[in-house]
2 protein chains.
Amino acid sequence: MSDQTTCRRDARPRRLILAGAHRQPGYCLTCGIRAQSVCSVIDDDDIARLAETAVETLVLPGRSFIEEGAAATDFYNITSGSVKLFKALPDGRRQITGFATTGHFLGLAVSDQYAFGAEAIDTVRLCRFSRPRMRQLMDDFPRLERRLLAEASNELVAAQNQMLLLGRKTARERVASFLLERMREAQDPAEDVPLPMTRSDMADYLGLTIETVSRTLSWMRTERLVAIGKGHTVRIIAMERLQTLAAGDAA
Amino acid sequence: MSDQTTCRRDARPRRLILAGAHRQPGYCLTCGIRAQSVCSVIDDDDIARLAETAVETLVLPGRSFIEEGAAATDFYNITSGSVKLFKALPDGRRQITGFATTGHFLGLAVSDQYAFGAEAIDTVRLCRFSRPRMRQLMDDFPRLERRLLAEASNELVAAQNQMLLLGRKTARERVASFLLERMREAQDPAEDVPLPMTRSDMADYLGLTIETVSRTLSWMRTERLVAIGKGHTVRIIAMERLQTLAAGDAA
DNA sequence: GGGCTGATTTGATCTGAATCAATGCCTTTT
DNA sequence: AAAAGGCATTGATTCAGATCAAATCAGCCC
């Protein structure tokens, strides 16, 4: 743990640059997740402008690509994989402020510097947009700025819900809320809820400890609220009871 | 307490409408806080457009003007007074997500409905802008939308800091952080820190109880970190020690 | 298959803050 | 001026979750 912490603090963010900027519009034209991301507001006619701005990046599991406090030079759009966003205290205490996945746009919560760090949970692919270029795109395409404002609004709503959870919910209510949120985020809600992150990450997101997260999941299994599957998945069995618990409505 | 809670839940938001929309640009031209608010991006030449959109509103202490879950019809700009923004659970547990004061623009954290409630701490004056009209202004004045995106970004940064506080800080660290934040918000940082809200509100903001907030302030007084003044003010005595405590850096 | 490492679960004990209770203080009302 | 009401402080006790410790599990590598 101490070795990992040291390594994480001193290591420069490492990632593979695939090929630098792709100057051909085909890059963005063939993007599989364009429809669900902020890029969808740019028409096919103008797609070259977008493509010349985007730099595709691969980040290996456990590697970070945004360092808290660093100068805010870029925006990022996640094209595949899972990312944890976090803030840390000097003694290593950590609060994960969000989990981001395919289609999430990162970089709105900044002033001059990044207010958070970002680290890949599994293998992650990103498009990186430099802030000056993005600024120019926003000026040229007002729809883009409008879309970013909508993204920011959604993030603010989510942040307020997280504050309520952290400030006032019990451990059980927090874990229940977390499972339901993960389910909503999944591409196919009918399947098992994918939980690619560790118990430690969940704890850092919920303001709890690893042991309490584990204990609570075990309690839910015993109460037949969920079934804990293999390969980092959870199946929700008693959906309404879980929702009642998450809403703070249990008797 | 229960009587107040009941009243607060059932009462329709009450406020005084001063005179309806002011159709004369003089209204916004003479606004004392325009320079520090989002309205500053609108030039004097175009001020009539702004004035015809703004509805001045007076809200008495204790009254709410935004109801969580209601249809999001308006934005608000605070022109004087203090406001608490909050989310509530069914059993009355409450999390204050922010304190807003002069110059704060409210209404960005919404989807179709308001995700939070807002209530006046003291006498509050507001300008209200209907969302359709504001939408039109944003289209006509791209600077405005850009400014709102910057406001949203700042709010996201603040939200992340609040998540860190709620998720990982001790009670002492929380109260210290709160005092420093209030000091930064005050118009004149050289004077005593104004705390117009009750201990209960502080507790709901910090994820603590009334007693813990009071105990912690008393401890700080005993340790000569602060002096607790009359009329809802606190004077910070040992600034650096308080900053160290708030940063989670105390030994 | 065996060994190793990191993650997860489980058990026992501890603790920071919550809860409950009472008192004090300040402001408003009569 | 006295009473009432609301807020703040203080003391005693309790408790939800943290901390500490150990056992088990899962995945990877040889």
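Proteins come first, then strands; the chains are lettered A, B, ... in the order of their sequence lines, and each starts at number 1. Values below: every heavy atom of this structure, side chains too, minus hydrogens, waters and symmetry copies.
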Between CG of A:Asp201 and C1' of C:dT8 the distance, given in whole Å, is 14 Å
Let me know the distance between CG of B:Leu195 and P of D:dA8, rounded to the nearest Å.
10 Å
In this structure, how many angstroms lie between the C1' atom of C:dT8 and the CZ atom of A:Arg199, rounded?
7 Å
Spacing between A:Leu217 atom CG and C:dA7 atom P, to the nearest angstrom:
17 Å
B:Leu195 and side chain to side chain contact (heavy atoms under 4.5 Å, CB included): which partner among B:Thr233, B:Leu179, B:Ile228?
B:Leu179
A:Arg221 side chain near C:dT10 phosphate (N/O to OP1/OP2, under 4.0 Å)
yes
CE of A:Met220 versus P of C:dT9: gap in Å, rounded?
13 Å
Measure from the side-chain heavy atoms of A:His232 and tell me the nearest of C:dT8, D:dA8, D:dT10.
C:dT8
Are any non-hydrogen side-chain atoms of B:Gln162 and B:Thr97 less than 4.5 angstrom apart?
no
Return the 5'-most residue of the pair A:Arg215, B:Ile228 with respect to DNA chain D, ranking by each residue's nearest nucleotide.
B:Ile228
Are any side-chain N or O atoms of A:Arg168 and backbone N or O atoms of B:Arg94, one a donor and one an acceptor, separated by less than 3.5 Å?
yes
Counting only heavy atoms and a strict 4.0 angstrom limit, can you tell me which residues of residues 162-176 of chain A come near DNA chain C?
none
Taking B:Lys87's backbone N and O only, do any of them form a donor-acceptor pair with A:Gln160's side chain (distance below 3.5 Å, no angle check)?
no
Please check if the side chain of A:Arg174 supplies one atom and the backbone of A:Leu166 the other of a donor-acceptor pair under 3.5 Å.
yes
So, applying side chain to side chain contact (heavy atoms under 4.5 Å, CB included) with A:Phe65, which one of A:Thr57, A:Asp74, A:Val83 is it?
A:Val83
With the side chain of B:Ser218 defined as its heavy atoms from C-beta on, choose the nearest nucleotide among D:dT9, D:dC7, D:dT10.
D:dT10
Here the distance between atom P of C:dT27 and atom CG of B:Asp122, to the nearest Å, is 16 Å
Using 30° and 60° as the class boundaries, would you call the ring planes of B:Tyr114 and B:Tyr76 parallel, tilted or perpendicular?
tilted
Rounding to a whole Å, what distance do you find between A:Arg93:CZ and D:dT19:C1'?
15 Å
Quick one, B:Ile78 and B:Thr101 - any side-chain contact, counting heavy atoms below 4.5 Å?
no
Going by heavy atoms closer than 4.0 Å, what residues in residues 203-213 of chain B are next to DNA chain C?
B:Gly207, B:Leu208, B:Thr209, B:Glu211, B:Thr212
After noting the C-alpha distance and the side-chain angles of B:Leu217 and B:Arg199, does the key distance pass the side chain to side chain contact (heavy atoms under 4.5 Å, CB included) rule?
CA-CA 10 Å; B:Leu217 285 171; B:Arg199 294 292 190 267; 3.4 Å; yes
